[in-house]
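Working notes for the structure below.
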Amino acid sequence: MTADTIVVLRALGLGDFLTALPALRALAETFPTHRRLLAMPRALAPLAHVAGVADEILDAAPLAPLAGIDAAPAVAVNLHGRGPQSHRVLLRLRPVRLIAFQHPEIGVTAGAPRWREDEHEVLRWCRLLELSGIPVDADRLDLLPPGARLPAAAPRDAVGATLIHPGAASAARRWPPERFAAVARAERRAGRRVIVTGGASEIELAHAVALQAGLARDAVQAGGTSVLEVAALVAAAARVVCGDTGVAHLATALRTPSVVLFGPTPPSRWGPPAARSWHRALWAGIVGDPHAERLDPGLARIEVGDVLAALHELDAVAA
């Protein structure tokens, strides 16, 4: 590794990567001759290459030491968190320059930009870079369709379908499966094909929604799909219905109309850009714990009728 290397830490999930795209693109353009190393989960590497924001992916877990770096980088950028643990992960590399938020336990961050708790996730990292002298366009959230084929098991009429993704990382952010099934049934009655997606830990949930909705078995695309195949499904869909999770950010990046159910975190922190009229963010106005083990009371207040009304609004926008 040469000294003209930039290491960026973002060892988080799919939505975290996609909300950081404007910042990652700004770094790529500001340091065009540097070798760009992006520390993130390797499963997401194909999307990083599609976006053109990294030369190499360092497979990384949250706050774990970074391996495979044998020389001090010119620049280390913390797009992971406020510190101090994430700051220390990068400082172990002895970078010439650290770009990070100020933290009282990390002396080299004195005078750096301050963290704001209520800031939108996209704007947070754009502000960090801008105040560090790096211009950023916060609207650069788009991905070109990745060119990947749909999963081999996907039905032939997946193009133009309504994609329903009932899963989320925590119980607090998972709308009840019977309500997703009711939305799926309504979409079927309207003459639309429905696809249900899910991660490796959400296969049972996806099949439960499909069963309650009376969908064919091939409507479930869960567990065996790569990140590029999921992106291909989202890109092919006519609309997406999901909670506050990575698939919602894929819909934003691929400009697929969506209805996203928020709670306990408000859309002002993680929602699609307000100027994009083909997205609808539903929220009951109640803030809670996004890591709780029970359904968030605010999310529970969103009814099936609210989602169907939002989908009807998307029809009007499309028309």
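Just the heavy atoms: all of them, side chains too, but no hydrogens, waters or symmetry mates, feed the values below.
Connection of V122 to M40 is not established within any shared hydrophobic cluster, with ILVMFWY side chains joined at heavy-atom distances below 4.5 Å, either directly or through further cluster members. L38 and V227 end up in the same hydrophobic cluster when Ile, Leu, Val, Met, Phe, Trp and Tyr side chains are linked at under 4.5 Å. Grouping the Ile, Leu, Val, Met, Phe, Trp and Tyr side chains by contacts below 4.5 angstrom, directly or via other members, places I134 with L21. Tracing side-chain contacts under 4.5 Å through hydrophobic residues (I, L, V, M, F, W, Y), one reaches V240 starting from V159; they form part of the same cluster. Under the 4.5 Å side-chain contact rule for hydrophobic residues, L141 and L250 do not share a cluster.
Side chains of N78 and S86: a donor-acceptor N/O pair is present below 3.5 angstrom, by distance only. There is a side-chain donor-acceptor pair under 3.5 Å between R10 and T19.
Classification of R269 and E119 as a salt-bridged pair fails, no side-chain N sitting under 4.0 Å from a carboxylate O. Using a 4.0 Å cut-off between a side-chain N of Lys or Arg and a carboxylate O of Asp or Glu, R140 and E29 qualify as a salt bridge. In this structure, R25 does not pair ionically with D137, as no charged nitrogen and carboxylate oxygen lie closer than 4.0 Å. A salt bridge does not link R294 with D289: every distance from a Lys NZ or Arg NE/NH1/NH2 to an Asp or Glu carboxylate oxygen is 4.0 Å or more. Between D296 and R173 there is no salt bridge, since none of the side-chain N atoms of the basic residue sits less than 4.0 Å from a carboxylate O of the acidic one. No salt bridge links R127 with E130; every basic N to acidic carboxylate O contact stays at or beyond 4.0 Å. Salt bridge status for E187 with R193: absent, with no side-chain N to carboxylate O gap under 4.0 Å. Between R280 and E313 there is a salt bridge, with a side-chain nitrogen of the basic residue lying less than 4.0 Å from a carboxylate oxygen of the acidic one.
Using a 4.5 Å heavy-atom cutoff, the side chains of L129 and V77 are in contact. Looking only at side-chain heavy atoms (C-beta outward), P166 and P177 stay at 4.5 Å or farther from each other. Side-chain contact between P62 and H80 is present, with heavy atoms from C-beta onward closer than 4.5 Å. In this structure, the side chains of V7 and L93 come closer than 4.5 Å at one or more pairs of heavy atoms. Inter-residue side-chain proximity for L79 and L9 is flagged as unmet; no heavy-atom pair is nearer than 4.5 Å. Taking 4.5 Å as the limit, every side-chain heavy atom of H279 sits out of range of all side-chain heavy atoms of V260. With a 4.5 Å cut-off on side-chain heavy atoms, R188 and L215 count as touching. The shortest distance between side-chain heavy atoms of S226 and E229 falls below 4.5 Å.
Across every non-hydrogen atom of S132 and R97, the tightest pair is O-NH2, 2.8 Å. Across L163 and A237, no two heavy atoms sit closer than the pair CB-CB, 4.0 Å. The shortest non-hydrogen separation linking A186 to L308 is CB-CD2, 3.6 Å. Heavy-atom minimum distance, A172 versus L299: O-CD2, 3.5 Å. Counting all heavy atoms, side chain and backbone alike, P84 lies closest to E105 at CG-OE1, 3.6 Å. Residues A210 and V196 approach most closely at CB-CG2, 4.5 Å, considering heavy atoms.
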Show, in sequence, the C-alpha distance, side-chain angles and deciding distance for S170 and H291, and conclude whether the side chain to side chain donor-acceptor pair (under 3.5 Å) test is met.
CA-CA 6 Å; S170 66; H291 307 294; 5.3 Å; no
Are R88 and L90 close enough, and set up right, to give a side chain to side chain contact (heavy atoms under 4.5 Å, CB included), and what steps lead you there?
CA-CA 5 Å; R88 293 184 179 121; L90 290 173; over 6 Å; no
Between D218 and V220, is the side chain to side chain contact (heavy atoms under 4.5 Å, CB included) condition met? List the steps.
CA-CA 5 Å; D218 67 353; V220 176; over 6 Å; no
Determine whether R239 and V259 satisfy the following criterion, side chain to side chain contact (heavy atoms under 4.5 Å, CB included), listing intermediate values before the conclusion.
CA-CA 8 Å; R239 55 235 230 127; V259 176; over 6 Å; no
Working note: R116 + R82, criterion side chain to side chain contact (heavy atoms under 4.5 Å, CB included); need CA distance, chi angles, decisive distance, verdict.
CA-CA 9 Å; R116 294 177 184 169; R82 73 180 73 186; over 6 Å; no
Pair R124, D118 - check salt bridge (charged side-chain N to carboxylate O under 4.0 Å, His left out), show working.
CA-CA 9 Å; R124 180 190 317 284; D118 59 352; over 6 Å; no
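Atom-to-atom distance recorded for W283:CH2 and S268:OG is 6.0 Å, nearest 0.5 angstrom. Rounding to the nearest 0.5 Å gives a distance of 6.5 Å between CG of L47 and CG of L14. Rounding to the nearest 0.5 Å places CG of L261 at 10.0 Å from CG of D244. Of the inter-residue distances, the one linking I69 atom CD1 with L58 atom CG reads 5.0 Å to the nearest 0.5 angstrom. The structure places OG1 of T162 at 9.5 Å from CD1 of I195, a figure rounded to the nearest 0.5 Å. Interatomic distance, CD of Q102 versus CG of L128, reported as 12.0 Å (0.5 Å rounding).
Listed for the R174 side chain is a donor-acceptor partner under 3.5 Å among the backbone atoms of A168. Between the side chain of R179 and the backbone N or O of I302, at least one donor-acceptor pair lies under 3.5 Å. Judged by distance alone, with hydrogens and angles left aside, the side-chain atoms of T109 form no donor-acceptor pair with the main-chain N or O of A112 at under 3.5 Å. Side chain of T256 to main chain of V234: a donor-acceptor pair is present (N/O by atom type, distance under 3.5 Å, no hydrogens or angles). Remark: side-chain polar atoms of H165 are not paired, donor with acceptor, to backbone N or O of V247 under 3.5 angstrom. The main-chain N or O of I57 is found under 3.5 Å from a side-chain atom of R42 such that the two form a donor-acceptor pair.
The distance between the ring centers of W175 and F180 falls below 6.0 angstrom. The aromatic ring centres of W115 and H103 sit 6.0 Å or more apart. If you look at W125 and F101, their ring centroids are closer than 6.0 Å.
Atom CG of L144 has 12 or fewer heavy atoms from other residues, nucleotides or ligands within 6.0 Å. Within a 6.0 Å sphere centred on CD of E204, other residues, nucleotides and ligands contribute 12 heavy atoms or fewer.
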